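To start, the structure itself, in structure tokens.
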2 protein chains.
Amino acid sequence: MLEFAVLGLLAESPLHGYELRKRLNSMLGTLRAFSYGSLYPTLRRMQARGWVTADDDSGRSGRSKVVYSLTAEGKERFAELLDEAGPSAWEDETFSVHFSFFAQTDPEARLRILEGRRTRLEEKRERFRGAATRTRQRVDRYTLELQRHGLESVDREVRWLNELIETERAEKTPRTTNAPAPRAAEDEQHSPP
Amino acid sequence: MLEFAVLGLLAESPLHGYELRKRLNSMLGTLRAFSYGSLYPTLRRMQARGWVTADDDSGRSGRSKVVYSLTAEGKERFAELLDEAGPSAWEDETFSVHFSFFAQTDPEARLRILEGRRTRLEEKRERFRGAATRTRQRVDRYTLELQRHGLESVDREVRWLNELIETERAEKTPRTTNAPAPRAAEDEQHSPP
DNA sequence: TTCGTCATGTAATGGGTTACATGATTAC
DNA sequence: GTAATCATGTAACCCATTACATGACGAA
């Protein structure tokens with residue numbers, strides 16, 4: 001995860017650790033704050049694997065600054081991860097990182113990830129609703145309220161994903177096209193408006 | 001965290017591991033799913049510390065079932081944690097667990113936790129907004145959209161907390177009372193309706 | 001008889017945090 | 001001169017996951 005994010009940021013431009021961390025944390029908005037204790041060891045590991053190079057940039061000032069850049073292998077690895085779009089990409093935080101790099105992601109992969117995420121959330125919701133009704137426990141109002149709020153959050157994200165998916169699809173087919181509209185039925189499986 | 005949750009569930013009634021896990025996961029709604037790999041070792045640790053006892057309940061059937069119950073120390077420890085309401089209680093997941101046990105929590109502690117959580121979210125939001133405006137990076141629309149959605153989520157939770165806090169306060173002072181209304185000014189610090 | 005789910009656990013590993021240690025540079 | 005923030009790192013620890021191993025019970 002950290003690794004993936006670092007690859008993505010370095011793919012844009014070389015950076016040193018401190019700056020990298022700031023970007024990392026602003027990139028993921030409110031949901032994460034990596035510490036140096038994980039960042040620097042990660043950079044080392046990546047260096048050992050040949051994904052990044054560490055160049056000492058003590059150019060003008062005597063201040064030590066280590067600038068990390070992606071190697072060719074690093075870029076390759078990043079491209080690989082971008083395209084994976086597998087189950088790991090639907091998880092909360094991994095999804096966010098993937099989403100951050102959507103501008104660099106293949107449109108097909110984007111759709112796969114968005115849809116995968118949506119399906120995952122819907123499964124989660126159903127599993128939860130099921131459990132809640134089966135085991136009709138006498139839960140107090142606080143627990144109930146927490147669950148209600150949780151479900152509402154999930155619903156909200158699903159709606160958000162629906163909009164994004166629509167947008168993505170619209171861009172893929174900019175209104176002309178007599179293309180065979182593959183698997184069009186799937187469109188109706190999810191939360192009809 | 002797991003420990004705290006386990007203490008709380010066992011405070012209601014003795015349970016065996018399997019059932020405990022189910023309750024745990026339904027309690028936390030959509031946001032967590034503990035595995036046995038963490039549950040059982042935790043139960044062992046708690047047993048070693050004298051917080052729970054493990055009784056073999058192979059009563060009617062030969063099927064092995066280990067029923068865990070809270071000891072007096074366990075109850076004490078739980079009460080302690082309930083009352084802590086410190087900074088750790090404002091963190092995402094810890095907050096959820098605390099909230100789940102609000103029915104058993106002192107009204108004052110409830111308010112402290114809700115307000116602490118709100119302040120924490122507001123700080124997070126401000127820090128983030130600040131960072132976003134200071135470093136005016138040319139971020140692509142996806143990154144922007146992710147951030148927008150993130151901020152909206154935070155706003156939504158703050159509004160939710162506001163309602164909960166209002167309710168808590170209203171219940172504390174059921175309309176009579178000429179009490180000195182301590183620090184009433186603070187009420188206006190947060191997101192006016 | 002086979003499938004789902006109940007039931008208990010372990011070993012290896014992962015992916016991070018906290019706290020610490022150090023020091024240069026910039027702004028007031 | 002002093003506080004904030006830039007800048008790099010390490011060591012100890014924590015809390016959990018994944019994958020594995022095992023097996024009984026009930027329902028179809």
Side-chain angles (χ1 to χ4, degrees), chain A residues 1-7 14-26 28 31-49 52 54-68 86-88 91-94 96-97 127 130-131 134-135, chain B residues 1-7 14-26 28 31-49 52 54-68 86-88 91-94 96-97 127 130-131 134-135:
Chain A
M1 247 227 45
L2 217 195
E3 221 168 72
F4 183 29
V6 167
L7 283 172
L15 292 168
H16 58 268
Y18 191 87
E19 178 68 17
L20 197 49
R21 190 203 174 220
K22 278 205 311 187
R23 300 256 181 124
L24 228 40
N25 295 338
S26 85
L28 293 179
L31 12 90
R32 206 95 182 42
F34 290 102
S35 63
Y36 297 120
S38 50
L39 178 58
Y40 286 114
T42 297
L43 284 166
R44 288 282 160 104
R45 226 183 313 128
M46 293 170 74
Q47 199 185 345
R49 287 178 191 165
V52 302
D55 302 300
D56 198 63
D57 171 30
S58 310
R60 20 175 107 295
S61 60
R63 193 201 211 124
S64 70
K65 249 189 191 181
V66 183
V67 175
Y68 297 92
S88 75
E91 298 310 311
D92 297 319
E93 301 195 340
T94 318
S96 296
V97 179
R127 237 184 306 114
R134 265 201 308 279
T135 70
Chain B
M1 248 228 46
L2 218 195
E3 221 167 73
F4 182 29
V6 167
L7 283 172
L15 292 168
H16 58 270
Y18 190 86
E19 178 69 17
L20 198 47
R21 191 204 172 220
K22 278 204 312 185
R23 299 257 181 123
L24 228 39
N25 294 339
S26 85
L28 293 179
L31 13 88
R32 206 94 180 45
F34 290 103
S35 63
Y36 297 121
S38 49
L39 178 58
Y40 285 115
T42 296
L43 284 167
R44 287 281 160 103
R45 226 185 311 129
M46 295 172 72
Q47 199 186 347
R49 288 177 191 167
V52 303
D55 302 298
D56 198 63
D57 172 29
S58 309
R60 20 177 106 297
S61 60
R63 195 201 212 122
S64 70
K65 250 187 187 178
V66 183
V67 175
Y68 297 91
S88 75
E91 298 310 312
D92 296 319
E93 301 194 338
T94 319
S96 295
V97 178
R127 237 184 308 117
R134 267 201 309 277
T135 71

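The chains referred to below are lettered A, B, ... by the order of the sequence lines, with proteins before strands, and numbering in each begins at 1. As the structure is a prediction and not an experimental result, all values here were calculated from the model. The figures here come from the full heavy-atom set of this structure, side chains too, leaving out hydrogens, waters and symmetry mates.
Contact annotation: Tyr36(A) does not reach the phosphate of dT8(D) (side-chain N/O to OP1 or OP2, under 4.0 Å). In this structure, Tyr18(A) reaches the dC6(D) phosphate: one of its side-chain N or O atoms is under 4.0 Å from OP1 or OP2.
When each of Ser38(B) and His16(B) is assigned the nucleotide of DNA chain C bearing its nearest heavy atom, the one mapping closer to the 5' terminus is His16(B).
At the heavy-atom level, Ala33(B) lies under 4.0 Å from the strands shown only through sugar-phosphate atoms. Among the heavy atoms of the strands, none lies under 4.0 Å from Phe4(B). Looking at heavy-atom distances under 4.0 Å, Gly17(B) makes contact with sugar-phosphate atoms alone, never a base. As judged by a 4.0 angstrom heavy-atom cut-off over every strand, Arg45(A) is placed among residues making no nucleic acid contact. Heavy atoms of Arg21(A) sit nowhere under 4.0 angstrom from any nucleic acid atom.
Between Tyr68(A) and Leu15(A), the closest side-chain pair of non-hydrogen atoms is not below 4.5 Å. Using a 4.5 Å heavy-atom threshold, the side chains of Leu43(B) and Leu20(B) count as touching.
When the P atom of dT10(C) is taken as reference, atom CG of Leu43(B) falls 11 Å away, rounded to whole Å.
Phe4(B) meets the ring-ring contact (aromatic ring centres under 6.0 Å, His included) test with Phe78(B), His98(B), Phe101(B); sequence neighbours excluded.
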